[in-house]
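Excluded from the calculations below are hydrogen atoms, water molecules and symmetry mates; all remaining heavy atoms, backbone and side chain alike, are included. Each chain gets a letter, A, B and so on, in the order its sequence line appears, and its residues count up from 1.
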Number of protein chains: 2
Amino acid sequence: MDRINAMRAFVTVVSEGAFTRAADRLETSPQLVSKYVSQLEQHLGVRLLNRTTRKIHLTEAGTSYHQRAQQVLNDIDEMESQIGDLQTRAQGLLRISAPVSFAIRHMAPLLSEFQKAHPGVGIDLQLNDRKVDVVEEGFDVVLRIGHLKSSSLIAKRIAPVRIVMCASPAYLKQNGTPQHPEDLQGHRYLRYSYIELDSSQSLHRWLQNNGQNNSSGMTSNNGDVLVESAISGAGIALQPTFISGPAIKEGKLQVILQEYELEPMGLYAVYAHRQLLASKVRSFIDFIDGYFGDPPYWD
Amino acid sequence: MDRINAMRAFVTVVSEGAFTRAADRLETSPQLVSKYVSQLEQHLGVRLLNRTTRKIHLTEAGTSYHQRAQQVLNDIDEMESQIGDLQTRAQGLLRISAPVSFAIRHMAPLLSEFQKAHPGVGIDLQLNDRKVDVVEEGFDVVLRIGHLKSSSLIAKRIAPVRIVMCASPAYLKQNGTPQHPEDLQGHRYLRYSYIELDSSQSLHRWLQNNGQNNSSGMTSNNGDVLVESAISGAGIALQPTFISGPAIKEGKLQVILQEYELEPMGLYAVYAHRQLLASKVRSFIDFIDGYFGDPPYWD
DNA sequence: GGACACTATCAACAATTCATTGATAATAAC
DNA sequence: GTTATTATCAATGAATTGTTGATAGTGTCC
């Protein structure tokens, strides 16, 4: 027996004063209402209503139960409609994790526009380059760069991420422009600590051999620093175009070994479930998807 | 789906932090708990928990729902246990209707003893000789004298009620003692307005003919008055022995036409239902049943 | 006062839902 | 890399649900 329905039936019978009218209002048959009330009485072990075929009268137990049951039903209704509101109008706090360099350069206008479109949504943006656990750390969405291995999570590809090698024209003039990965030998490499590379690619093979023990170059876990260093002639950086793009456009950096370019990675929005998504999350996913254009505006 | 069970499952999962432990505590299978929570989510249209195989995390909607759901469950539990108490310990207000003359003479000690045995029960005793509607007027028990025709109500026979004709020895000396119903002709009849008589009886036939238009005697709707009148020699009264008994024992009244005595009626306790009786009612019925003895102490 | 309409409930059936079992994918610990 | 644990899925038989038609009680209207 669904006690909530039974309670609702009982309360309706009391307020309507008759089983038939209660059944009308609940859009069921009088038989069912009668059965519900009987079952409720059986469950409680007390008669709630004294009834003839014409009149209904509450017993003492019924009176006491009625009040409280009505309160409980109100609470439930309110509770559910509140959940419903939370669902239809996007609202609440949206907790996002994003890669540091990407967020610094490209998240601010997006979030500002998103909040203009969804005033009820507050945003908590956490910048992080390490691997973040969506559920464990309570994020609604995690933006991540790389090739995603399958898991129980949903990963929606938001934008392609091209990783290019580049250096300042001055540096290349002084040290020569590599035409082949093997020419990289002896160059100063500006290494990014967290980069995930697909080992099937030739560019990677060199990096594995020479990049790892990068005695002559520098290493950082922040791409901006590396790109800025490259711009000032510190060496060769392997960084995504969403960082190096403007500098390349302005001629401050020059792309090298373009024909050996790494297979494009992606910017992914990772979230927990496809179904029953809170609408703040769904709205955000919809919003960010396509926001950067294809190809993205930084390329 | 029983939403209450589903809510309980959800709340337990949250408080236990795992489906398996929740299942243990609820004494069901983890599968069922999982299903309940899923159904609840489906019903609400929101994800309540983000879950991997290892960790559980509340969503925002889940957090909001959890609090309120717990409150609702507490309310329900409290409500039901209160009803249960009301049921096991007899308590509450017991509303009784009883015939005027009977109640005046015989109810006081009974009620006093009953309340001593059941301190939690308050009593509202309404004296009334008209036909009272148990459910309509909200009585728990109606004591009624007569032959009960079947209805949806339960009528438990509490004691036999003998109706006897009697008059004072002085009256009989002066007017003669009737030996046969036909001898009643010409006597002064002290008529009771509400008496219900079975028309198959010879005594009744006379009353129908002679009693109805009772020009020479008197009529009252109160048996005590009639009996007192009979004692003081006003005529012949047809009244139950629970009124006339003591006067008869003391010789103030003399029974006549004993061989034509009306078939004994009964004192009935009428109540609405046999099952799911509030225990204050059941206790009272049990208490009054047998209280007057068989034959009753007034005979 | 008797036919009538209305009401609550009962009984029985078909459709649905339920709880259980075993299997599976994902994850953490060893 | 293997094992153990966890949540969920899938399939099955069992229990429950809501429906239908029937029945008894109860006012009402001529």
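- Rounded to an integer number of Å, the gap from B:Ile56 CD1 to C:dA28 P is 13 Å.
- Atom NZ of B:Lys55 is separated from atom C1' of D:dT5 by 13 Å (rounded to the nearest Å).
- C:dC6 atom P lies 18 Å from atom CD of A:Glu16, rounded to whole Å.
- As rounded to whole Å, 16 Å separates atom C1' of D:dA7 from atom CZ of B:Phe10.
- Distance A:Asp24 CG to C:dC6 P: 13 Å, rounded to the nearest Å.
- Considering only side-chain N and O atoms, A:Thr20 lies nowhere under 4.0 angstrom from the phosphate OP1 or OP2 of C:dC6.
- Of the listed residues (A:Arg157, A:Arg144, A:Lys156), just one forms a side chain to side chain donor-acceptor pair (under 3.5 Å) with A:Tyr268, and that residue is A:Arg157.
- For B:Gln39, the side-chain contact (heavy atoms from CB on, under 4.5 Å) partners are B:Met1, B:Lys35, B:Tyr36, not counting sequence neighbours.
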Working for salt bridge (Lys or Arg N to Asp or Glu O under 4.0 Å), residues B:Asp2 and B:Arg8: CA-CA 10 Å; B:Asp2 186 341; B:Arg8 207 176 293 280; over 6 Å; no

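- Using a distance-only test at 3.5 Å, with no hydrogens or angles considered, a donor-acceptor pair links the side chain of A:Ser38 to the main chain of A:Ser34.
- Side chains of B:Gln70 and B:Asn74: a donor-acceptor N/O pair is absent below 3.5 angstrom, by distance only.
- Ring geometry for A:Tyr65 versus A:Phe10: interplanar angle of 30 to 60°, hence tilted.
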Letter per nucleotide, 5' to 3', of nucleotides 8-21 of chain D [B base touched, S only sugar-phosphate touched, - untouched; heavy atoms, 4.0 Å]: BB-------SBBBB

